[in-house]
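As structure tokens, the structure follows; a few thoughts come after it.
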Amino acid sequence: ADSFSDGGRYLDLDAALAAAGIPGTIHADLVVMAASTDGLVEAIDGASAYRQMITSSAFSRAAIGVVEGPYGLIAVQVLTG
């Protein structure tokens with residue numbers, strides 16, 4: 001299963017979504033980092049895995065979050081279906 005970091009701890013994405021009451025049997029995540037919002041869009045658009053995920057009929061819900069970190073912006077998108 002995929003994992004993501006939460007305050008230095010790595011969590012199982014499937015378990016974290018289930019614990020939050022988010023339904024779904026398939027999950028995916030994409031993480032990109034850039035110096036600007038334009039850079040984030042370019043990084044996301046340039047990711048072939050992103051295109052495959054976002055156009056897949058297996059996913060029916062999506063969420064995205066952006067935070068400013070010490071080295072730039074970090075965007076995380078989670079898909080579930």
Side-chain angles (χ1 to χ4, degrees):
D2 291 322
S3 62
F4 61 96
S5 178
D6 178 20
R9 299 177 305 141
Y10 284 90
L11 304 173
D12 180 281
L13 180 59
D14 294 340
L17 292 173
I22 298 172
T25 55
I26 183 170
H27 310 292
D29 61 288
L30 173 73
V31 179
V32 296
M33 188 171 112
S36 66
T37 54
D38 288 340
L40 286 178
V41 171
E42 185 178 322
I44 291 170
D45 281 347
S48 61
Y50 172 76
R51 265 194 218 300
Q52 291 173 350
M53 288 187 315
I54 202 73
T55 59
S56 172
S57 62
F59 301 110
S60 58
R61 303 175 106 189
I64 191 165
V66 178
V67 297
E68 188 171 1
Y71 302 108
L73 300 171
I74 302 167
V76 178
Q77 182 170 18
V78 176
L79 302 165
T80 186

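In what follows, residues are counted from 1 in the order of the sequence shown.
- Grouping the Ile, Leu, Val, Met, Phe, Trp and Tyr side chains by contacts below 4.5 angstrom, directly or via other members, places L73 apart from V41.
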Working for side-chain contact (heavy atoms from CB on, under 4.5 Å), residues H27 and F59: CA-CA 8 Å; H27 310 292; F59 301 110; 5.7 Å; no
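- Summarising the geometry of A34 relative to G39, their closest heavy-atom pair is CB-C, 3.4 Å, with the distance given to 0.1 Å.
- The backbone N or O of R51 lies less than 3.5 Å from a partner atom in the side chain of T55, making a donor-acceptor pair.
- Side-chain atoms of T80 and I22, non-hydrogen and from C-beta on, do get closer than 4.5 Å to each other.
- Note that CD1 of I64 and CD1 of I44 are 4.5 Å apart. Values are rounded to the nearest 0.5 Å.
- Using a 4.5 Å cut-off on side-chain heavy atoms (C-beta onward), D29 and L79 make no contact.
- Using a 4.5 Å cut-off on side-chain heavy atoms (C-beta onward), I74 and V31 make contact.
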Verdict with supporting geometry, M53 and L30, side-chain contact (heavy atoms from CB on, under 4.5 Å): CA-CA 9 Å; M53 288 187 315; L30 173 73; 3.7 Å; yes
